[in-house]
Engineer: 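Sharing a structure below in structure tokens format, with a few things to ask.
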Amino acid sequence: MRALLALTLMCSAALAQAAIVTREIPYQDAEGKRLIGYYAYDDAVQGKRPGIVVVHEWWGLNDYAKRRARDLAALGYSALAIDMYGDGKQTEHPQDAQAFMAEAMKDPAAAAKRFDAGLKLLELQPYTDKSSLGAVGYCFGGKVVLDAARRGVDKLDAVVSFHGALATQTPAQAGKVKAYVLVEHGAADSMVTQEQVNAFKAEMDAAKVNYQFVNIPGAKHGFTNPDADRLSHGEHGGPDIGYNKAADESSWADMQAFFKQVFK
């Protein structure tokens, strides 16, 4: 009886200790800009596992982006929410967010190097399987990961854009895109025009990209973020965004199926 009780207590202790582990990791881009990464993994998972970069919305590296890194860790991935603005900068003011995003994207080459620095940091983590790498991005971050796929980032196997911007200064070229692409788009997204949707599909088709485009009825821009409703009616005034629980859950399920297929 005592032996059984001791074994039960040992198992309970092991289960209690197994958890999502997180830490902030300072790093730099190629220009020496100070950046802050937020890394998450499940210590109950043994060995290396696919690595996923998370790229934040235009609000910056906030709690939502960090939560998505933890969510991915809970699915068994090595996840890193990267910093595209520097110093972990974030805001809830739309004008500040617009300014931060404009500054980050004014030089596409510099923005690309900043993404690459985050991907490299993820590769350096001991739990990351460097042969299986992906990226997810939200809003502004969706554009970042799509642009990474467009330029054929080495080792990047798959990217997922959630309510991301589709227009680009660097369109995909045939034979250059290596990653599989999944786009989860809200059909009621007023911030991405139908012309941009059509142009994106034409671009992907012309470049012979292996992509999936999911158009979710009734979903607005920002449909995955539970804070979207609050931010759209904030004290500063907000953009036309809104949370959609059904769209959030269906798009997350699509992502899981997509990654399982890519990383099989």
Side-chain angles (χ1 to χ4, degrees), residues 20-42 49-75 77-91 97 100-130 132-165 168 170 179 181-182 224-225 255 259:
I20 304 303
V21 179
T22 65
R23 67 174 182 272
E24 289 192 346
I25 309 175
Y27 65 111
Q28 294 182 338
D29 65 10
E31 308 301 323
K33 178 71 173 179
R34 182 177 181 270
L35 308 168
I36 304 294
Y38 180 85
Y39 180 60
Y41 67 95
D42 186 347
R49 72 286 317 252
I52 309 294
V53 165
V54 179
V55 188
H56 54 75
E57 298 173 284
W58 73 337
W59 307 113
L61 185 58
N62 57 13
D63 289 340
Y64 177 64
K66 294 175 181 179
R67 190 203 104 192
R68 284 310 193 185
R70 295 193 299 271
D71 290 344
L72 284 160
L75 294 176
Y77 295 104
S78 173
L80 177 72
I82 67 171
D83 180 6
M84 291 294 294
Y85 292 163
D87 293 316
K89 190 160 52 177
Q90 58 179 282
T91 184
F100 293 166
M101 183 176 68
E103 176 65 23
M105 298 305 293
K106 69 179 182 181
D107 181 354
K113 290 177 182 177
R114 196 161 287 183
F115 174 86
D116 291 348
L119 183 63
K120 183 63 177 177
L121 180 65
L122 177 62
E123 287 187 75
L124 292 174
Q125 303 314 305
Y127 292 109
T128 301
D129 177 357
K130 294 188 285 188
S132 299
L133 298 173
V136 302
Y138 297 83
C139 179
F140 155 77
K143 172 179 172 53
V144 172
V145 302
L146 288 174
D147 280 348
R150 284 172 167 120
R151 59 191 173 87
V153 171
D154 189 36
K155 297 183 180 180
L156 189 60
D157 300 302
V159 303
V160 183
S161 166
F162 295 93
H163 45 85
T168 185
T170 55
V181 174
L182 171 63
T224 66
N225 189 342
M255 179 210 70
F259 281 152

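The model shown is predicted, which means the values in this text are computed figures rather than measured ones. Nothing fancy with the numbering, it's 1 onward along the sequence. Atoms considered below: every heavy atom in the structure, side chains included; atoms not considered: hydrogens, waters and symmetry mates.
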Engineer: Check the pair Gln125, Ile25 against side-chain contact (heavy atoms from CB on, under 4.5 Å), reporting the backbone distance first and the verdict last.
Structural biologist: CA-CA 10 Å; Gln125 303 314 305; Ile25 309 175; 3.7 Å; yes

Engineer: Working note: Val21 + Tyr127, criterion side-chain contact (heavy atoms from CB on, under 4.5 Å); need CA distance, chi angles, decisive distance, verdict.
Structural biologist: CA-CA 12 Å; Val21 179; Tyr127 292 109; over 6 Å; no

Engineer: Evaluate the criterion side-chain contact (heavy atoms from CB on, under 4.5 Å) for residue pair Val145 and Leu156; output intermediate values, then yes/no.
Structural biologist: CA-CA 10 Å; Val145 302; Leu156 189 60; over 6 Å; no

Engineer: Tell me whether Asp157 contacts the main-chain N or O of Gly134 through its side chain, where contact means a donor paired with an acceptor under 3.5 Å.
Structural biologist: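 Not at all, since once roles are kept as given, no pair shorter than 3.5 Å links the two residues.
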
Engineer: Can you name the side-chain contact (heavy atoms from CB on, under 4.5 Å) partners of Gln28, sequence neighbours left out?
Structural biologist: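 Applying side-chain contact (heavy atoms from CB on, under 4.5 Å) to Gln28 gives none.
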
Engineer: When you compare the side chain of Asp147 with that of Met105, does any pair of heavy atoms fall below 4.5 Å?
Structural biologist: yes

Engineer: Considering residues at least two apart in sequence or located in another chain, which fulfil the salt bridge (charged side-chain N to carboxylate O under 4.0 Å, His left out) criterion with Asp129?
Structural biologist: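 Salt bridge (charged side-chain N to carboxylate O under 4.0 Å, His left out) check on Asp129 returns nothing, list empty.
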
Engineer: Shortest non-hydrogen contact from Ala158 to Ala179?
Structural biologist: N-CB, 3.9 Å

Engineer: Quick check: closest heavy atoms across Val159 and Ala149, and the distance to 0.1 Å?
Structural biologist: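 Residues Val159 and Ala149, closest heavy atoms: CG2-CB, 3.9 Å.
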
Engineer: Apply the test side-chain contact (heavy atoms from CB on, under 4.5 Å) to residues Asp107 and Glu31: give CA-CA distance (whole Å), side-chain angles for both, the deciding distance (0.1 Å), then the verdict.
Structural biologist: CA-CA 12 Å; Asp107 181 354; Glu31 308 301 323; over 6 Å; no

Engineer: Look up atom CG in Leu133 and atom CG in Leu80, then write down how far apart they are to the nearest 0.5 Å.
Structural biologist: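 Reported to 0.5 Å precision, the distance equals 11.0 Å.
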
Engineer: Begin from the C-alpha positions of Ser78 and Tyr39 and carry the test side chain to side chain donor-acceptor pair (under 3.5 Å) through to its verdict.
Structural biologist: CA-CA 8 Å; Ser78 173; Tyr39 180 60; 2.7 Å; yes

Engineer: Ignoring hydrogens, what is the shortest heavy-atom contact between Lys143 and Thr168? Give both atom names and the distance.
Structural biologist: NZ-CA, 3.6 Å

Engineer: So do Tyr138 and Thr224 actually touch side chain to side chain, heavy atoms under 4.5 Å?
Structural biologist: yes

Engineer: Check whether His56 reaches the backbone of Asn62 with its side chain - one donor and one acceptor, N or O, closer than 3.5 Å.
Structural biologist: no

Engineer: Donor-acceptor pair, Gln90 side chain versus Leu61 backbone, under 3.5 Å?
Structural biologist: yes

Engineer: Can you find a pair of side-chain heavy atoms, one from Val54 and one from Tyr38, that are under 4.5 Å apart?
Structural biologist: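 With C-beta onward as the side chain, the pair stays apart.
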
Engineer: What are the two closest non-hydrogen atoms of Ala104 and Ala111, and how far apart are they?
Structural biologist: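 The answer is O-CB, 3.4 Å.
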
Engineer: In a check of ring pair (Phe, Tyr, Trp, His ring centres under 6.0 Å) between Phe140 and each of Tyr85, Phe115, Phe100, Phe162, which one passes?
Structural biologist: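 That would be Tyr85.
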
Engineer: What's the separation between atom OG1 in Thr22 and atom CZ in Arg70, rounded to the nearest 0.5 Å?
Structural biologist: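 Thr22 OG1 to Arg70 CZ: 7.0 Å, rounded to 0.5 Å.
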
Engineer: How would you list, by chain and number, every residue that makes a salt bridge (charged side-chain N to carboxylate O under 4.0 Å, His left out) with Lys155, sequence neighbours excluded?
Structural biologist: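 Testing Lys155 for salt bridge (charged side-chain N to carboxylate O under 4.0 Å, His left out), a comparison that skips the adjacent residues, returns Glu123.
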
Engineer: Write down the atom of Ala40, the atom of Ile20, and the distance for their closest heavy-atom approach.
Structural biologist: CB-CG2, 4.3 Å

Engineer: Applying salt bridge (charged side-chain N to carboxylate O under 4.0 Å, His left out), can you list everything that pairs with Arg151, at least two apart in sequence or on another chain?
Structural biologist: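 For Arg151, the residues satisfying salt bridge (charged side-chain N to carboxylate O under 4.0 Å, His left out) (neighbours in sequence not counted) are Asp116.
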
Engineer: Would you give the length of the straight line joining atom OG of Ser132 to atom CZ of Arg49, rounded to the nearest 0.5 angstrom?
Structural biologist: 12.5 Å

Engineer: Show the nearest heavy-atom pair for residues Ala30 and Lys113, with the distance to one decimal.
Structural biologist: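 The answer is CB-CD, 4.0 Å.
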
Engineer: Suppose we screen for salt bridge (charged side-chain N to carboxylate O under 4.0 Å, His left out). Which residues come up paired with Arg114, at least two apart in sequence or across chains?
Structural biologist: Asp29

Engineer: Assess whether a salt bridge exists between Asp63 and Arg67, defined as any Lys/Arg side-chain N lying under 4.0 Å from an Asp/Glu carboxylate O.
Structural biologist: no

Engineer: Who are the side-chain contact (heavy atoms from CB on, under 4.5 Å) partners of Ala79, not counting sequence neighbours?
Structural biologist: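 Only Ala69, Leu72 meet the side-chain contact (heavy atoms from CB on, under 4.5 Å) criterion with Ala79.
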
Engineer: So how far is it from Lys89 NZ to Glu103 CD, rounded to the nearest 0.5 Å?
Structural biologist: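 Result: 7.0 Å between the selected atoms.
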
Engineer: Has Thr128 got a side-chain atom pairing as donor or acceptor with Lys130's backbone, closer than 3.5 angstrom?
Structural biologist: no

Engineer: For Tyr64, is the OH atom crowded, meaning more than 12 foreign heavy atoms sit under 6.0 Å from it?
Structural biologist: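 Buried by this count: over 12 neighbours within 6.0 Å.
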
Engineer: Please examine the side chains of Asp83 and Tyr27, heavy atoms only from C-beta on, and report whether any two atoms are closer than 4.5 Å.
Structural biologist: yes

Engineer: Between Arg68 and Glu57, does at least one N-O distance fall below 4.0 Å, as a salt bridge requires?
Structural biologist: no

Engineer: Any heavy-atom pair between the side chains of Phe259 and Ile52 that's under 4.5 Å?
Structural biologist: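 Result yes, sub-4.5 Å side-chain heavy-atom pair found.
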
